[in-house]
Amino acid sequence: MAQFLAQTSRGLIPVLENEIRELGLKVLKSSPQGVLFQSSWAGCYRANLCLRSATRVLLPVLDFPAYNEADLYHNIKKHDFTKYIAPEGSLYIHVRVSESFTNNNQYIAMKLKDGIVDQFRDKTSGRPNVDREQPDLTLRVKMRKNQVSVSLDTSGIGLSQRNYRQSAGEAPLREHLAAGLVAWSEWDGAVPLVDPMCGSGTLLIEAALKAVNRAPGIDRNHFAFRGWKIFQSSVYEEELSKISHVPDVETPLILGFDEDPKVLQKAKANARAAGVGDRIQFQLSRFQQLQAPAAKGVILTNPPYGQRLSEKEAVQKLFGQLGQRLKQEFRGWDLWLLSGDSELSSALGLRSKRKVPVFNGSIECRWLHYPIDPPA
């Protein structure tokens, strides 16, 4: 059994931990760096195929202190990298360093590369080349206070890239973040789901994928581990077969609204590409005209943040109008709203029950839960 590290964005660690357990994998510990779990290679393949809120799955291989370049060179050779790729293969070393004897990422990557290349030369007749674009093996190295952690990237292209987003709006949510927000809302498909400003539709698409139990990696053409010498093809095909035979389920009511017809067309195209085009109803409408389709339901939305000062007044007005409409037409519903500005969210005129800190890229946000109280 090996140990793997699943990574995600800040704020989604509890969601990711729960997902890993639901896959039948043993969680060892959680940290800001991710969730460490124990598994066979079958579990690694399953995690890459099925985790919705993860960005990557890494295989940690080395931890060592390094106070100079010789420490880097000699310690990297303690792990046998020749078992992963052929001598004529390629590698890339991604480094993040801070508070160490050098803070030069490229310098550290070069010294580690020298050690790996010399290892290949000692054991084989060739050596791998460096390829930044499509490497056969990617090392992800973190060095802080002269302590080095080396992991191998089993995923390759980030798991957040589902390949369904044909086009997106100005500030789209990354897919894994949208999936994590859906999980935080605890929407289970028992009640309708509405996004009054759906944009490119990512929140609703991730909700629909979860509702029909469609694995996010089922249509993915490539994972990094598939190019390794230790890849177990029959084990992978078995895992793929398990997630390919999911019984069809009735889709709950999922509605997306937007006032921009071009944006709405993009959302429809994205949903079709994700395989849930027939599971979401997209309608052209301003949120100021919305009416609740049922007595109870859940609203998930990611409205504009108004980061530029010139936009803030307009966005603040938008928030006020949204809050007013929800109180008029959606009493008895639950609103979950992603906010990057506390002043804007206060303009809703609603009282939040829960605030989950999350990061949308570099923007610190809050995933806010507002129960919209029914009439007395």
Asks: How far apart are the C-alpha atoms of Asn360 and Arg174, what are their side-chain angles, what is the distance that settles it, and do they pass the side chain to side chain contact (heavy atoms under 4.5 Å, CB included) test?
Replies: CA-CA 8 Å; Asn360 185 10; Arg174 290 178 66 189; 5.6 Å; no
Asks: Taking Gly199's backbone N and O only, do any of them form a donor-acceptor pair with Asp258's side chain (distance below 3.5 Å, no angle check)?
Replies: yes
Asks: Between Ser90 and Asp136, is there a side-chain donor-acceptor contact under 3.5 Å, judged purely by atom types and distance?
Replies: yes
Asks: Answer with yes or no whether the side chains of Gln33 and Ser31 bring together a donor and an acceptor at under 3.5 Å.
Replies: yes
Asks: Does Lys229 NZ have over 12 foreign heavy atoms under 6.0 Å away?
Replies: yes
Asks: Quick check on side chain to side chain contact (heavy atoms under 4.5 Å, CB included): which of Val150, Val61, Leu112, Val95 does Leu139 satisfy it with?
Replies: Val150
Asks: So that I know where these two stand, are Trp333 and Tyr370 an aromatic pair - ring centroids less than 6.0 Å apart?
Replies: no
Asks: Over 60° means perpendicular and under 30° means parallel, so classify the ring planes of His79 and Phe81, tilted if in between.
Replies: perpendicular
Asks: Please test Leu337 against Leu322 for side chain to side chain contact (heavy atoms under 4.5 Å, CB included), starting from the C-alpha separation and ending with a verdict.
Replies: CA-CA 11 Å; Leu337 179 144; Leu322 176 62; 4.0 Å; yes
Asks: Does a sphere of radius 6.0 Å around NZ in Lys26 hold more than 12 heavy atoms from other residues, nucleotides or ligands, not counting ones at 6.0 Å or beyond?
Replies: no
Asks: The test is salt bridge (Lys or Arg N to Asp or Glu O under 4.0 Å); show your working for Asp118 and Arg121 and say whether it passes.
Replies: CA-CA 5 Å; Asp118 287 350; Arg121 283 177 174 152; 3.4 Å; yes
Asks: If we ignore hydrogens and angles and just use 3.5 Å, is the side chain of Thr251 paired with the main-chain N or O of Arg279 as donor and acceptor?
Replies: no
Asks: Checking Tyr45 side chain against Ser40 main chain: does a donor-acceptor pair fall under 3.5 Å?
Replies: no
Asks: For the residue pair Gln321 / Gln288, report whether a side-chain donor-acceptor contact shorter than 3.5 Å exists.
Replies: yes
Asks: Could you please spell out the steps behind the side chain to side chain donor-acceptor pair (under 3.5 Å) verdict for Thr301 and Asp195?
Replies: CA-CA 5 Å; Thr301 193; Asp195 186 344; 3.0 Å; yes
Asks: Hey, does the side chain of Trp187 reach the backbone of Val191 with a donor-acceptor pair shorter than 3.5 angstrom?
Replies: yes
Asks: What closest approach, in Å, do Ala47 and Leu23 show between heavy atoms, and which atom pair accounts for it?
Replies: CA-CD1, 4.0 Å
Asks: Quick one: pull up CG in Leu177 and OG1 in Thr55 and give me the separation to the nearest 0.5 Å.
Replies: 11.0 Å
Asks: Of the non-hydrogen atoms in Asn103 and Ser100, which two are nearest, and what is the gap between them?
Replies: OD1-N, 3.2 Å
Asks: Please report the closest heavy-atom contact between Ser9 and His176, naming both atoms and the distance.
Replies: OG-NE2, 2.6 Å
Asks: Hey, what's the ring geometry for Trp336 with His369, parallel, tilted or perpendicular (30° and 60° as the breaks)?
Replies: parallel
Asks: Please confirm whether Arg10 makes a cation-pi placement over Phe359, using NZ or CZ under 6.0 Å from the six-membered ring centre and within 45° of the ring normal.
Replies: yes
Asks: Supply the atom-to-atom distance Asn105 CG to His94 NE2, rounded to the nearest 0.5 angstrom.
Replies: 8.0 Å
Asks: If you take all heavy atoms of Leu181 and Trp367, which pair is closest and at what distance?
Replies: O-NE1, 3.1 Å
Asks: Out of curiosity, His222 NE2 to Gln134 CD, how far, rounded to the nearest 0.5 Å?
Replies: 8.0 Å
Asks: What do the steps show when you test Ile85 against Phe120 for side chain to side chain contact (heavy atoms under 4.5 Å, CB included), and what is the final call?
Replies: CA-CA 10 Å; Ile85 59 174; Phe120 271 84; 3.8 Å; yes
Asks: For the backbone of Arg52 and the side chain of Glu19, can you confirm whether one donor and one acceptor N or O come within less than 3.5 Å of each other?
Replies: yes
Asks: If I compare all heavy atoms of Gln291 with all of Glu329, which pair ends up nearest, and what's the gap?
Replies: CG-OE1, 4.0 Å
Asks: Is Arg366 paired with Glu364 through a side-chain N to carboxylate O contact shorter than 4.0 Å?
Replies: yes
Asks: Of the non-hydrogen atoms in Lys77 and Asp122, which two are nearest, and what is the gap between them?
Replies: NZ-OD2, 3.6 Å
Asks: Looking just at side-chain N and O atoms, do Asn48 and Thr154 make a donor-acceptor pair shorter than 3.5 Å?
Replies: yes
Asks: Side chains of Tyr107 and Glu69: is there a donor and an acceptor less than 3.5 Å apart?
Replies: yes
Asks: Between atom CG of Leu253 and atom CG of Leu193, what is the distance when rounded to the nearest 0.5 Å?
Replies: 8.5 Å
Asks: Would you confirm whether Asn18, through its side chain, and Pro14, through its main-chain N or O, come within 3.5 Å as a donor-acceptor pair?
Replies: no
Asks: Charged N to carboxylate O under 4.0 angstrom, Asp80 versus Lys123?
Replies: yes
Asks: Take Lys210 and Glu206 through the test salt bridge (Lys or Arg N to Asp or Glu O under 4.0 Å) and record every step on the way to the result.
Replies: CA-CA 6 Å; Lys210 182 178 181 180; Glu206 289 298 325; over 6 Å; no
Asks: Say you draw a straight line from CZ of Arg162 to CG of Asp219; how long is it, rounded to the nearest 0.5 Å?
Replies: 12.0 Å
Asks: Pair Asp373, Arg331 - check salt bridge (Lys or Arg N to Asp or Glu O under 4.0 Å), show working.
Replies: CA-CA 5 Å; Asp373 295 331; Arg331 287 189 175 274; 6.0 Å; no
Asks: Rounded to the nearest 0.5 Å, what separation is found between the CG atom of Leu25 and the CE atom of Met1?
Replies: 8.5 Å
Asks: Does Phe225 have its ring centroid less than 6.0 Å away from the ring centroid of Tyr236?
Replies: yes
Asks: Just by distance, no angles: are the side chains of Arg165 and Ser200 close enough, under 3.5 Å, to form a donor-acceptor pair?
Replies: no
Asks: When you compare the side chain of Ile372 with that of Asp334, does any pair of heavy atoms fall below 4.5 Å?
Replies: no
Asks: Could you go step by step and tell me if Thr202 and Glu175 meet the side chain to side chain donor-acceptor pair (under 3.5 Å) rule?
Replies: CA-CA 6 Å; Thr202 310; Glu175 293 90 324; over 6 Å; no
Asks: Would you find a donor on one side and an acceptor on the other, under 3.5 Å apart, between the side chain of Thr124 and the backbone of Gly126?
Replies: yes
Asks: Hey, is CG on Asp278 packed in by over 12 heavy atoms from elsewhere, all under 6.0 Å?
Replies: yes
Asks: Are the ring centres of Phe4 and Phe37 closer than 6.0 Å?
Replies: yes
Asks: Evaluate whether atom CD1 of Ile157 has more than 12 neighbouring non-hydrogen atoms of other residues, nucleotides or ligands under 6.0 angstrom away.
Replies: no
Asks: I'd like to know whether CD of Glu99 has more than 12 heavy-atom contacts from other residues, nucleotides or ligands below 6.0 angstrom.
Replies: yes
